Structure formats: structure tokens, C-alpha cells
Amino acid sequence: MSVPKLILLDIEGTTAPVSFVHEVLFPYAAAALPELLRERADDPKIREAVAEIGRLHPGCDPLAQIREWMARDEKIGPLKALQGIAWKAGFESGALKAALYPDVVPCLRVWKAAGIGLAVYSSGSVSAQRLLYGHTEQGDVTGLFDGFYDLAMGGKKDAASYRAIAREVGVDVAEVLFLSDIGAELDAAAMAECEVCQLVRPEDGTVPSDVHPHVKDLPGVAAMFGLPGVA
Ligand SMILES: [Mg+2]
């Protein structure tokens, strides 16, 4: 194939370890929320989330309810909102830094310098994506990306989402190379006629798909697709 015009990247399991979310971000929010609820009780966003918890579970202790949801990893509106507020405060204060896989930033720099467009597609919101890439151990790397896309473009297991992103960027969908650790997402992108490659990070214990090419890191992607790589 020819060199892609756009490389579209998933985050969790692709550019950042799955463990970062579960072993760093979730515990950070769990530890930060009691103080956040106490000290910023008048913040309208916090007030609204707490009110919503009360509507869902009348008479409950909001903090106990939050802990219960977190223990079950529930994706529920007020919990997501409060976690988002805690993470924003953590990243902005410097208490939290995103630990990307070490091959990611060097490789993305080489690809960008070669004129390849780069974009993010993650189920985390665009603001969460910017927060994460804005506060990495390598500093603010948001400038590497030409676009940030989330579920507003559609689900990651839906081929139409990849066509929509290609249209938005202004490239042919066949000129997009999508990188993810999840087979079903790669299936959808391949159905949309993107080139795809699975990241099988040993640290994440990813199971290789038997239908798509797979590599263990971004230099592996460069080798497989004939892209410039890191010397
Ligand atoms: Mg992933």
C-alpha cells in the first residue's frame, strides 16, 4: 500500500497502557473526590452531579454511592462527570501525568515530520483526550495531532464512524491507517476500507486478532507499512 495520509490512533492499549486508566486514573479520582465534594461543593458542575446522584438514589450518601459505582466500574453520568472534574484538577496541578508508551512520542514526531496527518479516536471525550495528551511525561504533545475525535463521530465498532472521520479530515477513507488494540474496532475500520493494524502490547496482555496484521509497538507499525521509523 502507499503511505497513509492520516494515521488514526486509539489511546487505551494503543498509545497508553490499559493499566494507566485502572491503576492510576481511577484510584486518583477515588482518592480526590471526598475533598473535591467538600471543598468545591458550590461549583455548579459538582452541585449538578450530586443532585443527579440524589435523583437516581433518593436519600443516599453521595460519596458512598460514588464508591459503589466505582467499585463496579459503572459508566454512569454523574460518576463520569465527577471523575472528569477530579482528573482535570489533577492534570492541571501536575499531580497527574499521562504515562504514554515510550515509543509513542518519538514515532509520532517522525511521522508528523514526514507529512503524515495524525488524529485521535477514543471513547474518552475530546476534552479528556486533550487533557491527557496535554499533560504527558513528555510534556504537552497535543500539537502532534491534527484532530481529536470521540463518540460524537459514532461508535468505534461502527464502520460509518471511520467514514465520517475521513470525511471530516478531508482524506479518502482508504488513505487512513487505524491503530487499535481491539479486534472489533479494527473490523469496523476495515469494513469502512481503512488500512488497519492491531497493537498487541505485551504489557496489556492483548490477544492478537487472527484477521488483521498486528505488531507490538509503533516502530513495528512503521516497519510493517513502510513508514519512516525511529532510528
Ligand atoms: Mg484501546
Side-chain angles (χ1 to χ4, degrees), residues 4 6-29 73-75 80 83-84 87 91 96-105 107-108 111 118-138 141-142 144-166 176-192 194-222 224-225:
L6 179 77
I7 300 180
L8 185 63
L9 299 107
D10 165 57
I11 296 177
E12 199 184 336
T14 299
T15 62
V18 173
S19 64
F20 177 69
V21 176
H22 291 273
E23 288 168 23
V24 179
L25 287 185
F26 284 172
Y28 182 86
D73 193 11
E74 296 262 9
K75 314 241 183 285
K80 295 272 122 187
Q83 284 175 323
W87 293 331
F91 277 118
L96 268 177
K97 279 197 198 316
L100 303 176
Y101 276 116
D103 54 286
V104 170
V105 169
C107 222
L108 295 184
W111 292 346
L118 302 172
V120 181
Y121 182 31
S122 166
S123 53
S125 67
V126 166
S127 58
Q129 297 170 19
R130 287 185 174 279
L131 202 54
L132 185 135
Y133 281 119
H135 301 87
T136 78
E137 287 175 349
Q138 290 83 23
V141 299
T142 50
L144 287 169
F145 299 104
D146 305 294
F148 293 85
Y149 300 98
D150 62 18
L151 299 183
M153 302 307 288
K156 295 181 80 183
K157 297 174 184 173
D158 184 352
S161 309
Y162 299 87
R163 295 192 195 102
I165 291 171
V176 176
L177 170 60
F178 175 59
L179 306 179
S180 171
D181 57 323
I182 305 289
E185 297 176 5
L186 299 165
D187 293 344
M191 192 173 295
C194 293
E195 293 288 337
V196 301
C197 185
Q198 185 183 25
L199 271 293
V200 178
R201 299 277 190 181
E203 300 88 333
D204 289 333
T206 312
V207 179
S209 128
D210 46 14
V211 284
H212 304 298
H214 59 86
V215 297
K216 67 175 174 51
D217 55 18
L218 297 193
V221 174
M224 174 151 316
F225 289 85

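All of these numbers come straight from a predicted model, not from anything done at the bench. Both counts, for ligands and for their atoms, begin at 1 and track the order of listing.
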### Message
According to side chain to side chain donor-acceptor pair (under 3.5 Å), who are the partners of Ser19, at least two apart in sequence or on a separate chain?
### Response
none
### Task
Mark yes or no for whether Trp111, through its side chain, and Leu118, through its backbone, hold a donor-acceptor pair below 3.5 Å.
no
### Query
Would one find an N, O or S atom of Asp10, in either backbone or side chain, under 2.8 Å from the Mg ion (ligand 1)?
yes
### Task
Looking at Glu12, pick out the N, O or S atom nearest to the Mg ion (ligand 1) and give its name.
O
### Query
When you check the side-chain N and O atoms of His212 and Asp187, is any donor under 3.5 Å from an acceptor?
yes
### Message
Need the atom name: nearest N/O/S atom of Asp181 to the Mg ion (ligand 1).
### Response
OD1
### Query
Using 30° and 60° as the class limits, which term best fits the ring planes of Tyr121 and Tyr162: parallel, tilted or perpendicular?
perpendicular
